[in-house]
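We use all heavy atoms of the structure for the numbers below, so side chains are in, but hydrogens, waters and symmetry mates are not.
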Amino acid sequence: MFEKERNVTRLLDLVREAADKGAKLIVTPEMGTTGYCWFDRDEVSTQVETIPGATTDRFAALAKELGLHIVVGMPEVEPATGLYYNSAALIGPEGLVGKHRKSHPYISEPKWAAPGDLGHQVFETELGRIALLICMDIHFVETARLVALGGADVICHVSNWLSERTPAPYWISRAFENSCYLIESNRRGLERTVQFSGGSCVIEPDGAIAAVIDGGDGVITAEIDTDRARERVVLGEPTFAQRRPDLYRELPTGQSGWNPLDFFSLYGHRPLPAGRRSKIAAAQFAPSSNVAANLVRIAEFAGEAAAEGAALVVFPELAVTGLEDPASRAEGLSGVSVTRLLALASKLKIHIVAGLAEQDGEKIYNSAVLVGPEGFVGSYRKIHLASRDRGWASAGDSWKVFDLPLGRVGLLIGHDALFPEAGRILALRGCDAIAVPAAIGGQFSFGHAGTDVAQNFPIPTGADPFHWHHFRARAGENNVVLAFANVLDEDAGYPGKSGVFGPETFVFPRTEAIVFEGEGVAVSEIDTSNLDTPYPTNPIRRKDLVTMRLPHHYVPLAVEAGNEQAAAVA
């Protein structure tokens with residue numbers, strides 16, 4: 001801080017070092033020209049500049065000399081208004097290409113910066129389509145989705161990240177679910193008692209880490225293939241073509257900072273259930289084509305979950321009817337299988353979520369039922385059909401949430417949960433928990449070998465076999481408990497990795513349980529109490545990452561036509 005010339009000179013040296021390694025797109029950290037932890041407008045007033053301006057001119061001269069593009073993070077002043085912004089500039093050989101003003105502020109920006117007013121743009125360059133996001137922006141699933149729908153090949157994410165080992169799971173999930181590259185340029189070091197995590201990386205469209213630097217100053221490089229990004233394929237599925245914008249109309253709505261307890265009790269319509277401390281379980285096994293045998297396995301695992309005190313147990317997708325030709329075993333919701341599930345729930349005094357092929361007249365659905373001691377609670381029909389579903393199943397057209405003694409529970413089925421819009425809508429409806437019966441194959445999780453770089457207590461430095469688990473990220477970003485019950489059948493490509501994941505991504509040790517290997521049941525706690533206070537202190541009910549959303553940015557996500565034009569392309 002207060003050493004802008006030193007910072008800019010050092011950044012220019014690092015850019016030249018990167019260019020010597022062949023780099024054509026070079027990304028530098030958030031607020032890299034000035035430091036980050038400014039007290040107020042008065043203190044930062046000596047550091048702000050216009051864009052373009054003196055500092056961007058220096059980077060533009062180097063970009064012209066070396067024939068490359070540079071992203072620079074810096075505090076900006078808008079001359080017409082005198083407002084300050086936390087900004088990132090994209091500079092090319094011909095000068096300024098465009099800029100992004102941080103749209104979703106962290107706790108520090110409101111002390112001096114106005115919220116970004118430029119939206120979420122994608123810039124056409126000779127290298128490809130480039131988008132810019134700044135640190136906290138990426139906590140919100142909507143921002144990366146907006147620029148990906150706008151055609152971004154690569155997201156340049158500049159940050160001052162803290163409180164988490166890197167590469168951060170959120171970064172990985174944003175690249176993975178949007179099938180694009182993400183270049184993460186992070187800062188390190190201690191500033192005004194704040195320990196930044198360090199750790200910069202290049203993430204590929206499938207979530208793999210192409211290059212990483214965990215500590216110290218330095219440069220890393222990796223190759224980017226824009227054709228690969230433009231395939232928009234997630235775990236082999238063309239997910240952008242499978243989106244259902246007609247069902248996403250709630251995304252541009254939200255609580256707008258209102259007390260969630262007041263918000264959901266307005267007019268006395270569907271107030272949140274009282275809630276309590278409970279346990280939720282996720283069961284992992286491979287259903288067969290024998291319905292009777294599957295029901296026996298379900299009974300065994302439900303009994304195990306009940307013995308551990310679980311109030312709700314979730315079973316995999318099509319757990320009742322099996323994955324192989326499920327339509328041939330489809331039943332109505334008043335059929336024998338659901339009747340047996342009802343009897344089991346009554347006997348064990350537990351709620352059960354299980355997947356099955358549902359026959360309704362001439363149509364068949366990939367469905368999940370929720371039953372409990374009180375009887376049949378409800379059902380949900382899979383909205384986002386995977387390729388294997390399309391030959392036999394009709395798509396559902398309605399989100400479903402149910403109020404139980406443990407809290408408000410929403411249902412998604414497998415492929416649904418790969419769409420960030422789906423989990424977000426259930427969170428907007430006040431869900432405390434999301435149950436996900438799944439049959440998801442491929443890699444959506446990998447470990448971390450550990451690091452010697454100093455981390456804030458209690459962040460672990462040792463190895464973690466599930467450092468990135470996409471559905472752990474899905475839970476945290478929506479402040480819900482997510483029970484992910486996946487099929488385990490390695491010969492058929494289903495890796496299991498089921499678990500119950502807690503509502504906060506950055507709290508350690510995490511509240512979660514995972515089935516590490518083999519068949520079994522994961523059981524973890526959920527706390528939905530806290531309605532007797534004026535404002536919820538419970539993160540599930542408070543939902544920080546939901547209440548802090550800025551819905552006016554999200555209108556393009558609910559536009560039905562023209563996905564590639566859904567966000568502005570500059």
Side-chain angles (χ1 to χ4, degrees), residues 234-239 241-244 246-247 282-291 294-295 297-298 314-338 341 352-371 376-402 409-419 421-423 425-426 434-442 444 471 474 482-489 492-494 496 498:
V234 180
L235 295 180
E237 295 285 342
T239 51
Q242 296 167 345
R243 293 179 74 247
R244 300 286 302 275
D246 57 312
L247 299 179
Q284 174 170 293
F285 77 104
S288 71
S289 298
N290 186 321
V291 173
N294 292 336
L295 289 169
R297 302 301 310 284
I298 288 171
V314 183
F315 289 93
E317 182 174 354
L318 299 170
V320 173
T321 44
L323 276 67
E324 189 67 29
D325 189 21
S328 66
R329 294 176 294 279
E331 296 184 34
L333 296 182
S334 58
V336 173
S337 294
V338 175
L341 291 175
I352 296 171
V353 175
L356 76 164
E358 176 200 351
Q359 182 84 47
D360 184 13
E362 295 183 358
K363 290 188 175 182
I364 299 175
Y365 298 92
N366 187 337
S367 296
V369 294
L370 170 58
V371 299
F376 185 84
V377 179
S379 64
Y380 167 75
R381 292 167 172 171
K382 190 175 184 179
I383 284 175
H384 300 90
L385 296 183
S387 298
R388 68 171 182 272
D389 299 315
R390 293 177 180 267
W392 65 272
S394 296
D397 59 6
S398 179
W399 310 103
K400 294 294 182 69
V401 301
F402 306 96
V409 178
L411 303 184
L412 298 175
I413 299 177
H415 194 51
D416 283 325
L418 291 176
F419 293 77
E421 298 91 343
I425 287 169
L426 296 185
I434 298 176
V436 184
I440 295 180
F444 50 81
F471 302 101
R474 189 66 83 228
L482 191 144
F484 174 70
N486 199 30
V487 170
L488 175 66
D489 187 345
Y494 298 106
S498 304

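Between S289 and E324, the closest heavy-atom pair is OG-CB, 3.7 Å. Between V371 and F376 the shortest heavy-atom distance is CG1-CD1, 4.0 Å. Closest heavy-atom contact between L412 and Y380: CA-CE2, 3.8 Å. Shown here for P326 and A357, the closest heavy-atom pair between the two residues is O-CB, 3.5 Å. Here the closest heavy-atom approach between residue T321 and residue N294 is recorded as C-ND2, 4.1 Å. When every heavy atom of I434 is checked against every heavy atom of G423, the shortest pair comes out as CD1-O, 4.0 Å.
Counting heavy atoms from C-beta on, the side chains of L295 and L341 come closer than 4.5 Å.
Between the side chain of R474 and the backbone N or O of L482, no donor-acceptor pair lies under 3.5 Å. In this structure a side-chain-to-backbone donor-acceptor pair under 3.5 Å is present from Q359 to G361.
The salt bridge (charged side-chain N to carboxylate O under 4.0 Å, His left out) test applied to D246 returns R244, not counting sequence neighbours. Every salt bridge (charged side-chain N to carboxylate O under 4.0 Å, His left out) that D360 has, sequence neighbours left out, goes to R381. By the salt bridge (charged side-chain N to carboxylate O under 4.0 Å, His left out) test, E237 pairs with no residue at all, sequence neighbours left out. Not a single ring-ring contact (aromatic ring centres under 6.0 Å, His included) links F315 to another residue, sequence neighbours left out. D416 is linked by a salt bridge (charged side-chain N to carboxylate O under 4.0 Å, His left out) to nothing, counting only residues two or more places apart in sequence or in another chain. Legend: residues meeting ring-ring contact (aromatic ring centres under 6.0 Å, His included) with F285, ordered by chain and number and at least two apart, are F301.
Note: D489 CG to Q284 CD = 11.0 Å, rounded to the nearest 0.5 Å. Here the straight-line distance linking atom CD1 of I383 with atom OH of Y365 works out to 12.0 Å at 0.5 Å rounding. The distance from the CZ atom of F419 to the OG1 atom of T239 is 5.5 Å, given to the nearest 0.5 Å. Summarising the geometry, atom CD belonging to Q242 is positioned 9.0 Å from atom CG belonging to D389; distances are rounded to the nearest 0.5 Å. Atom OG of S394 and atom CD of E358 lie 10.0 Å apart (nearest 0.5 Å). Rounded to the nearest 0.5 angstrom, I440 CD1 and Y494 OH are separated by 10.0 Å.
The side chain to side chain contact (heavy atoms under 4.5 Å, CB included) test with I413 singles out one residue from V436, N366, L318, V353, and that residue is N366. No option in L356, V336, V320 other than V320 meets the side chain to side chain contact (heavy atoms under 4.5 Å, CB included) test with V291.
A perpendicular orientation is assigned to the rings of F484 and F444, their planes being inclined by more than 60° (bins at 30° and 60°).
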